[in-house]
Amino acid sequence: VLGGFLDNSFKFIRKGVVFNTVNYHQKIITSIVVSSIAKVIIVGSKDSNITMWCVPKDIDNQAKFINPRMVLYGHHNEIVSMSIQQEMDLLFSADTDGCVLIHSVHNGNLLRHFDLKLAYNQKPRKILSHLSGLFLLLTTDNHVFLRNINQTLAVNKELFKGNDVKIQDLAFLNRSGLQILFTLGSENVLIVDTIESVSYTHLTLPTIYSVQISVVAVSLKKKK
């Protein structure tokens with residue numbers, strides 16, 4: 001399932017062919033996540049709304065996608081990124097103003113609201129969530145905010161300050177630990193145990209694959 005189209009739709013694609021198109025949002029889709037446990041597709045848009053769609057068995061049937069299962073409210077600016085913790089039944093979402101919301105995937109209730117009070121030149125790029133209840137927000141200027149769902153601020157740090165380094169992508173290495181993998185361009189990789197340990201020193205390895213699939217391209221294939 002893909003978003004980001006100029007017609008504000010998200011599309012289902014199989015073997016390079018579009019077999020279903022869903023038009024609902026008023027602006028471009030910016031983020032899509034899938035819950036295999038709840039069997040829903042969650043879509044975020046520049047219109048500031050988040051919609052949750054049931055995944056039917058006959059996914060080719062456009063009539064099954066007339067209206068979403070529910071609309072999640074609370075944002076007032078463009079949705080930038082979303083992350084889902086299926087075991088915790090939580091959806092984390094961030095908008096361009098630095099507002100982070102946590103909703104229940106089960107019933108859509110708004111559980112937490114964070115206003116990170118970003119600087120004028122800071123814009124969120126990506127949000128990650130962890131099974132421990134932590135979430136990490138990366139901004140366009142390499143700033144990282146790490147918080148837990150109980151409102152505690154764990155880390156507020158600009159990474160690689162004073163160096164011409166651009167974080168391309170990042171991800172938690174596994175479900176249990178808090179090691180984080182950063183990609184810093186096509187040939188630079190950094191693995192850290194904690195955010196506090198980040199410095200300019202990093203490992204140089206051959207070009208690697210992106211650590212996480214784009215938020216607007218999510219696979220629905222079932223594991224055999």
Side-chain angles (χ1 to χ4, degrees), residues 30-38 40 42-44 48-50 52 70 72-119 121-161 167-184 190-199 211-213 215 218:
T30 55
S31 184
I32 298 175
V33 293
V34 174
S35 171
S36 58
I37 294 177
V40 294
I42 304 174
V43 179
S48 79
N49 290 324
I50 298 172
M52 186 183 300
M70 63 180 75
L72 308 182
Y73 297 102
H75 286 288
H76 301 288
N77 294 279
E78 299 176 6
I79 308 300
V80 174
S81 179
M82 299 189 299
S83 178
I84 193 168
Q85 270 302 320
Q86 298 190 83
E87 292 85 353
M88 300 177 70
D89 185 43
L90 297 177
L91 174 74
F92 298 74
S93 56
D95 66 30
T96 54
D97 198 41
C99 172
V100 173
L101 302 182
I102 304 177
H103 287 88
S104 165
V105 176
H106 174 67
N107 55 29
N109 287 344
L110 177 60
L111 305 176
R112 292 285 190 279
H113 176 283
F114 298 85
D115 183 3
L116 298 183
K117 300 184 183 303
L118 302 182
N121 62 338
Q122 287 180 322
K123 296 296 180 183
R125 278 184 57 202
K126 187 170 188 176
I127 190 167
L128 296 177
S129 57
H130 192 269
L131 190 58
S132 64
L134 291 171
F135 72 85
L136 182 153
L137 183 73
L138 172 69
T139 66
T140 50
D141 63 345
N142 288 355
H143 212 101
V144 167
F145 296 85
L146 186 66
R147 287 179 179 261
N148 65 35
I149 58 177
N150 294 317
Q151 306 278 356
T152 304
L153 177 63
V155 174
N156 180 354
K157 181 175 182 178
E158 181 182 351
L159 306 184
F160 314 111
K161 187 175 182 179
I167 297 174
Q168 301 296 323
D169 210 345
L170 75 168
F172 290 111
L173 281 181
N174 53 60
R175 288 158 49 85
S176 56
L178 290 176
Q179 281 190 320
I180 300 172
L181 174 70
F182 294 89
T183 55
L184 312 174
L190 174 67
I191 299 175
V192 298
D193 291 317
T194 63
I195 292 291
E196 289 90 339
S197 69
V198 174
S199 67
V211 293
Q212 188 168 344
I213 197 165
V215 292
V218 182

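The CD1 atom of I149 sits 10.0 Å away from the CZ atom of F135 when rounded to the nearest 0.5 Å. Here CG of D89 is found 8.0 Å from OG of S35. Values are rounded to the nearest 0.5 Å. Put simply, CD on Q85 and CG on L90 are 7.5 Å apart, with the number rounded to the nearest 0.5 Å. In this structure, N142 CG and Q122 CD are separated by 10.5 Å, a value rounded to the nearest 0.5 Å. One distance of note links NE2 of H106 with CE of M52; it measures 10.0 Å at 0.5 Å rounding. With rounding to the nearest 0.5 angstrom, the OG1 atom of T139 is 8.5 Å from the CZ atom of R125.
With contacts defined as side-chain heavy-atom distances shorter than 4.5 Å, the pair M88/L131 qualifies. Under the 4.5 Å side-chain criterion, counting only non-hydrogen atoms from C-beta, C99 is in contact with H75. At a threshold of 4.5 Å between non-hydrogen side-chain atoms, the residues L136 and F172 count as touching. Side-chain contact between S93 and M82 is present, with heavy atoms from C-beta onward closer than 4.5 Å. Within the 4.5 Å cutoff, side-chain heavy atoms of L91 are placed close to those of I50. Put simply, the side chain of L101 does not reach to within 4.5 Å of the side chain of L72, judged on heavy atoms. You'll find the side chain of I84 stays beyond 4.5 Å of the side chain of F92, heavy atoms only. A 4.5 Å side-chain heavy-atom check between L137 and R147 finds every atom pair outside the cut-off.
With hydrogens and angles ignored, the 3.5 Å screen pairs no side-chain donor or acceptor of H130 with any backbone N or O of N148. Judged purely by atom type and a 3.5 angstrom limit, R112 has no side-chain atom pairing as donor or acceptor with the backbone of I102. Listed for the S81 side chain is a donor-acceptor partner under 3.5 Å among the backbone atoms of I127. Between the side chain of Q86 and the main chain of I37, a donor-acceptor pair closer than 3.5 Å is present. Side chain of D115 to backbone of K117: a donor-acceptor contact under 3.5 angstrom is found. A side-chain donor-acceptor contact under 3.5 Å links T30 to the backbone of I79. Judged purely by atom type and a 3.5 angstrom limit, S83 uses its side chain to pair as donor or acceptor with the backbone of S129.
Ring-centre distance between F145 and F114: not below the 6.0 Å cut-off.
Residue pairs that meet the salt bridge (Lys or Arg N to Asp or Glu O under 4.0 Å) test with at least one member in residues 78-87, sequence neighbours left out, are E87-R175.
Closest approach of N109 to N107, counting heavy atoms only: N-OD1, 2.9 Å.
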